[in-house]
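Take a look at the structure set out below.
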2 protein chains.
Amino acid sequence: MKIDPDNPADLSAQIAKAIRDAIVAGDLIVHQRLPSEAELADQFDVSRPTVREALKRLAAQSLIRTQRGATGGAFVNHLRFEEAYDQQITTSTLLLSMNAVSFDTACEARFALERACAPLAAVRRSPDHLATMRAEIHRQSQPGLSDEAFCASDVTFHRALVDATGNPVLSYQLAGAVEAMQPLMNMITFTARDRSAIIDLHQKIADAIEAHDERNAADGLHALEVETRTLAQSVMTARAARS
Amino acid sequence: MKIDPDNPADLSAQIAKAIRDAIVAGDLIVHQRLPSEAELADQFDVSRPTVREALKRLAAQSLIRTQRGATGGAFVNHLRFEEAYDQQITTSTLLLSMNAVSFDTACEARFALERACAPLAAVRRSPDHLATMRAEIHRQSQPGLSDEAFCASDVTFHRALVDATGNPVLSYQLAGAVEAMQPLMNMITFTARDRSAIIDLHQKIADAIEAHDERNAADGLHALEVETRTLAQSVMTARAARS
DNA sequence: GACTGATAAATGTCAGACATATAAATGTAT
DNA sequence: ATACATTTATATGTCTGACATTTATCAGTC
């Protein structure tokens, strides 16, 4: 893990890669302490600021954490699902906005993946997840709710549905797909009629999940996808006509 | 975007967060040049090394790129799907290994998501994607193939299947799910009989995709999931008995 | 024995300097 | 006048040395 070519550029990137590879390969195990910055600087034959830049790169990916003080240093971080969510969401959100992904494409992907969760969620849903879904449905039917709050509640509802699968890998993968849609959804103005249609479908989905009816859950999600896409379509055409 | 409390710790993290938020919020648009390191140091009232650590954090997330020279500096990076794959795969791989995710859990998530791609792939598959799948099936039936090469070909086959949906968001999301399984798969020793069963299912899936038969494609994936899980199960029990 | 202070080790931060890459401006020769 | 070479300015990349801050450990005192 100590090889640097004579290329004296991007030293910190090279060092970060060397350490990252060691972690991924399992040469550095979780909670293990890395050598101190001074020792690393010695080993790689660079200065301490260069080592620090490399460590900050790794910290940005949550691969290490640092601790100050006498017994401090850089430690291989135990990457938890919860910590990975944020990165996943940030990356997914930027991917959608920067690549000008159409609403249809993002919507198709999100609901395709979510439908994949429906059968598992219908089998394994706990009372807890059901209660969250019901509570969000109730929140969504409050009259004074802003569009943003409506969207946020929508996200919570769908994440509860995904979490109901009891599979943390699915929850992690879907976090990006569901949350990254929020900025796109926030561009939509929901009429009372729109909200009512969405809430009805949420109700249908929650009922199906409660009844262990995977077929109706998937059907509900499909109907919700159609509803969302036509809704977005009409908003887009209305906006195009106005301008 | 210039707020730093008087807390004189983690300055580089705070600065990175401020810039990251500005990018995500759209205040800094793609390809836009950030102020020079010296100017940023002035604005945030910190030293240049601290600014540099913040910029390296952002570079690690592919949010910015840097260029040396007269017209150089830090630029908001256009995050492409291809660049995001690596991060996604690294994170997913570490998540599985560090959280001791069971083979069953990872396998369930991966095939659930992949089955969600089957209908779209069956409708939209191009000759190109089909050719890749056929080529990988052929490679997998070569006699002298190592287990690692067999797994690698398996990954290529499944990624072609996902890419056949023509939805880059799906390809991105599935990249982590499919590739992160590889280290787990590599722990398995495949007998000739095992390989034959897998290849037969790959054949069935490819045939279904070619025939636009989404039902058989999903069925084939389901059978492959069962096959993979029983295979892993037998390997695990054999290993437990040996020790 | 419990509390207090000194010590040491590590990260966090700073200042100034030099090295290097690169584009633009300048100068020179054909 | 154009093409090419040189200089110059600007920015990142790196190094050195220093100080500040946090924190665990050890020594000392009541």
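Just so we're on the same page: letters track the sequence lines, and every chain starts at 1. Not measured: the values here are computed from a predicted model.
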Check this one for me: any side-chain N or O of T50(A) less than 4.0 Å away from OP1 or OP2 of dC15(D)? yes
Closest to the side chain of R48(A), out of dT20(C), dG12(C), dA15(C), is dG12(C)
In whole angstrom, what separates D42(B)'s CG from dG16(C)'s C1'? 15 Å
What I want to check is whether the side chains of E83(A) and N77(A) have a donor and an acceptor closer together than 3.5 Å. yes
Would you kindly give the CD-to-C1' distance between E37(A) and dA10(C), to the nearest whole Å? 8 Å
Could you tell me how far apart F44(B) (CZ) and dG12(C) (P) are, to the nearest whole angstrom? 19 Å
Which nucleotide in the list dA11(D), dT16(D), dC14(C) gets nearest to the side chain of P49(B)? dC14(C)
Per atom distances to the K56(A) side chain, the nearest of dG12(C), dT11(C), dA15(C) is dG12(C)
When you measure from the side-chain N and O atoms of R52(B) to the phosphate of dG13(D), is any distance below 4.0 Å, counting only OP1 and OP2? yes
Atom CG of L11(A) and atom P of dT16(D) are separated, to the nearest Å, by 12 Å
Identify, between Q67(A) and G73(B), the residue whose nearest nucleotide on DNA chain D lies closer to the 5' end. G73(B)
Heavy-atom neighbours of H138(B) NE2 exceed 12 at 6.0 Å: no
Aromatic contact between H202(A) and H158(A), with the criterion being ring centroids under 6.0 Å apart: yes or no? yes
Report, as a single string ordered 5' to 3', how protein heavy atoms within less than 4.0 Å touch nucleotides 4-9 of chain C: B base, S sugar-phosphate only, - not at all. -----B
Modelled atom types, side-chain donor and acceptor of S171(A) and D163(A), under 3.5 Å: yes
Is there, by distance only and without an angle test, a donor paired with an acceptor across the side chain of R68(B) and the base of dT22(C) below 3.5 Å? no
With sequence neighbours left out, write down each residue that passes salt bridge (Lys or Arg N to Asp or Glu O under 4.0 Å) with R124(A), or none if nothing qualifies. E108(B)
Does F157(B) have R139(B) sitting over its ring (NZ/CZ under 6.0 Å from centre, angle to axis within 45°)? no
Whole-Å distance separating the CD1 atom of I64(A) from the C1' atom of dG12(C): 14 Å
Whole angstrom is fine here: how far is it from CG in D45(A) over to C1' in dT16(D)? 14 Å
What is the distance, rounded to the nearest whole Å, between atom CD of E53(B) and atom C1' of dG13(D)? 14 Å
Is the phosphate of dA11(D), meaning OP1 or OP2, less than 4.0 Å from a side-chain N or O of T66(B)? no
Spacing between F75(A) atom CZ and dT11(C) atom P, to the nearest angstrom: 9 Å
Taking only residues two or more places apart in sequence or in another chain, which ones pass ring-ring contact (aromatic ring centres under 6.0 Å, His included) with F150(A)? F190(A)
